[in-house]
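Shown next, in structure tokens, is the structure this report addresses.
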Amino acid sequence: MAKSDHVFTCQACGAIWPKWAGKCEACGEWNTLVEETARPVVPGAFAAPTGGGGKKSKGLAFVELTGEAEPPARLASGMSEFDRVCGGGLVPASAILIGGDPGVGKSTLLLQVAAALAKSGRSVAYVTGEEAEAQVQDRARRLKAGDAPVHLAAETDLRKILEGLKALKPDVVVVDSIQTLWADGVEAAPGTVAQVRACAHELVRFAKKSGCVVILVGHVTKDGQIAGPRVVEHLVDAVIYFEGERGMPFRILRAVKNRFGPTDEIGVFEMIDQGLVETPNPSALFLGGAGDRPSGAAVFASVEGSRPVLVEIQALAAPTAYGTPRRAVVGWDTARLAMILAVLETRCGLSFSGRDVYLSVAGGLRITEPAADLAVAAALISALVDQALPPHCVVFGEVALSGEVRPAGRTDLRLKEAAKLGFEQAFAPPQKKNGAGAGVKVRQIGHIAELAAALGAVD
Ligand code: TYD
Ligand code: MG
């Protein structure tokens, strides 16, 4: 039977299927399968060895683990928040993927990084497939980086880009974005899994061969995953997300994979008219500071996927004007709120029956983690008794129907993030390891009644 060279690739998860189907069985997404030609990305990469007449393979040369030369020095941009997330600067011959929502400021950040590197004497190229050269120049002027000797090009053809880079031999190249590039050997539209994978593969190969640092920009989808570029994550040495809420000035740079450094470092920036400004003391900006909060507000130390995120949960318990009190929730599960209210009522004797309850997760985030229970309970109790939580305090833990507080995973990660953002204490489930975690004093809460007592709601 003749083998078809056409396959169907899921644009959401990258799974490959021999036949088209409405639903991808790997990730469950609908209408994501797109027909692609199953040709090796590198022509001849999988060709069978030729016998006799063909070019002879040189064989595989093995080397010692110790190596001979000292590892090359890292390239520090001088933007300390960026350098820290990269593990102390960019590693020569590495490839980095910077992901983030459209409009979050990826191009702004990388133009600033490129300008800073160029000013420090590095050869830097900035290839944009999204904007015209004049637009980038205009932005550079606004960022006061117009005088930096960055080599700028507007191009989407991968072949031309690679030729240009081979001639220029830069130390660092920024490619903005990977979704706009196209390789002529691939029969698929730019932005599809096949194109993104092929272009990234070639650019990563270029990085490894030439010693150049390749920084790829990728846009993410609403669910926080890099669509298309997600299939690139395993190809690159580091994956860094740039996050921020619409309407909020702060932006967070966070490594989710880094072959050359830790992944629990964050870099915090503020977006102003002149671009991104580094924020060495993030708690002053983030959450409006770690300090005093009004009653009804609790800071939840959450973990989203592999990433710790601190969010403020706000509650209001207003006297009701209706027979049936209202329960309005933004960013959390209504059924779960009903459950926490019932637990507070039954296990602690705190009654919300005459009150409308409003619950909101600040910044427009949506929380799904069960560990938010205790933070929601803290916000509700604080709103009910009209007494603020202790300052510099984070809360996390899952609440059972019995009122028992269950351990939440990744306690160390949560506490480390809280410490980094200037928090000093935590209401958290009992842990095996007693005492302080990462400089945060842990007040162990084994039952929800203990939380109510700590907040002065019950004796
Ligand atoms: P941009 O870097 O183009 O985002 P991305 O590349 O991630 O899509 O950032 C665009 C946003 O940043 C835009 O909404 C305006 C804002 N911005 C500022 O507030 N100040 C600035 O100096 C710049 C350049 C952009
Ligand atoms: Mg951009």
Side-chain angles (χ1 to χ4, degrees), residues 77 79 81-82 85-86 96-119 124-148 150-156 158 161 172-182 190-191 195-196 199-200 203 214-230 232-233 236 238-256 266-279 285-286 307 363-364:
S77 67
M79 291 177 75
E81 294 290 304
F82 179 81
V85 175
C86 298
I96 298 175
L97 176 68
I98 308 252
D101 286 321
V104 75
K106 299 179 296 296
S107 305
T108 308
L109 172 74
L110 292 173
L111 192 56
Q112 285 182 252
V113 168
L117 282 163
K119 280 183 181 168
V124 184
Y126 188 100
V127 180
T128 175
E130 305 215 323
E131 292 159 293
E133 280 152 5
Q135 282 175 298
V136 180
Q137 285 161 344
D138 181 50
R139 176 180 303 185
R141 269 193 293 278
R142 202 142 49 86
L143 299 175
K144 308 228 170 359
D147 56 341
V150 174
H151 303 278
L152 174 67
E155 185 55 68
T156 54
L158 180 71
I161 293 172
V172 180
V173 58
V174 176
V175 178
D176 185 6
S177 68
I178 187 71
Q179 276 123 322
T180 57
L181 301 196
W182 56 277
Q195 279 290 6
V196 166
C199 293
L203 284 164
V214 173
I215 303 177
L216 305 173
V217 175
H219 296 291
V220 304
T221 50
K222 54 183 181 320
D223 59 3
Q225 296 296 344
I226 301 183
R230 217 181 133 191
V232 171
E233 286 193 4
V236 295
V239 179
I240 296 174
Y241 283 87
F242 201 38
E243 305 163 348
E245 291 303 319
R246 249 172 240 286
M248 298 259 192
F250 63 82
R251 301 283 182 269
I252 291 188
L253 197 61
R254 194 189 298 275
V256 291
I266 62 168
V268 183
F269 298 86
E270 189 178 3
M271 178 68 99
I272 60 163
D273 289 351
Q274 289 85 37
L276 291 156
V277 185
E278 296 182 78
T279 310
L285 180 71
F286 196 55
R307 295 173 286 168

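Whatever order the structure lists them in is the order used to number ligands and atoms, beginning at 1.
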**Prompt:** Which residue from Arg142, Arg139, Gln112 reaches closest to atom 23 (C) of ligand 1 through any of its heavy atoms?
**Reply:**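 Shortest heavy-atom distance from atom 23 (C) of ligand 1: Arg142.
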**Request:** State the atoms of ligand 1, each with its element, that fall below the 4.0 Å cut-off from a heavy-atom position in Asp101.
**Result:**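 Near Asp101, meaning under 4.0 Å from one of its heavy atoms, ligand 1 has 7 (O).
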**Prompt:** What atoms in ligand 1 come closer than 4.0 Å to a heavy atom of Pro102?
**Reply:**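 Answer for ligand 1: 8 (O).
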Determine whether a donor-acceptor pair (N or O, by modelled atom type, separation under 3.5 Å) exists between the side chain of [X] and the backbone of [Y].
X	Y	value
Glu133	Ala154	yes
Glu155	Ile161	no
Gln112	Leu276	yes
Lys106	Val217	no

**Asked** Just distances here: any N/O of His219 and N/O of ligand 1 closer than 3.5 Å?
**Response**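 In fact, backbone or side chain, His219 has no N or O that close.
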**Asked** Would you say ligand 1 has an N or O under 3.5 Å from any N or O of Thr108?
**Response**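 Yes, there is a polar N/O contact under 3.5 Å.
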**Item:** Glu130 vs Thr180, side-chain hydrogen bond (donor to acceptor under 3.5 Å, both in side chains): CA-CA, chis, key distance, verdict
**Value:** CA-CA 7 Å; Glu130 305 215 323; Thr180 57; 5.1 Å; no
Counting heavy atoms only, which part of [X] comes closer than 4.0 Å to ligand 1: side chain, backbone, both or neither?
X	answer
Leu143	side chain
Asp273	backbone
Gln274	backbone
Met271	side chain

Among all protein heavy atoms, pick the one closest to [atom] and tell me residue, atom and distance.
atom	value
atom 6 (O) of ligand 1	Ser107 OG, 2.6 Å
atom 13 (C) of ligand 1	Gly103 O, 4.4 Å
atom 4 (O) of ligand 1	Gly105 N, 3.1 Å

Taking all non-hydrogen atoms of both residues, which atom of [X] and which atom of [Y] are closest, and how far apart?
X	Y	value
Val85	Arg254	CG1-C, 4.2 Å
Leu181	Cys199	CB-SG, 3.7 Å
Cys86	Ile240	SG-CD1, 4.1 Å
Val174	Ala114	CG2-CB, 4.5 Å

**Asked** Under 4.0 angstrom from ligand 1, any heavy atom of Gly100?
**Response**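 In this structure, Gly100 fails to qualify as a contact of ligand 1 - no heavy atom is under 4.0 Å.
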**Any Ile272 heavy atom less than 4.0 Å to ligand 1** =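 Flag set, Ile272 near ligand 1.
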**Request:** Taking the side chain as every heavy atom from C-beta outward, state whether Val232 and Val239 have any atom pair closer than 4.5 Å.
**Result:**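 The answer is no; the side chains never approach within 4.5 Å.
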**Asked** Can you find a heavy atom in the side chain of Leu110 that is under 4.5 Å from one in the side chain of Asp176?
**Response**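 Heavy-atom side-chain distance check fails, nothing below 4.5 Å.
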**Message:** Return the CG to CZ distance between Leu109 and Phe269, rounded to the nearest 0.5 Å.
**Reply:**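 It is 5.0 Å, given to the nearest 0.5 Å.
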**Message:** Determine whether any protein heavy atom is located less than 4.0 Å from atom 15 (C) of ligand 1.
**Reply:**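 Answer no: nothing from the protein, no heavy atom, is under 4.0 Å.
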**Request:** Scan residues 135-145 for pairs that pass salt bridge (charged side-chain N to carboxylate O under 4.0 Å, His left out), counting only residues two or more places apart or in two chains.
**Result:**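 Of all non-adjacent pairs touching residues 135-145, those that pass salt bridge (charged side-chain N to carboxylate O under 4.0 Å, His left out) are Glu131-Arg139.
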**Item:** the Mg ion (ligand 2): protein N, O or S atoms [distance under 2.8 Å]
**Value:**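 Within the sphere that stays under 2.8 Å of the Mg ion (ligand 2), the protein atoms of type N, O or S are Ser107 OG.
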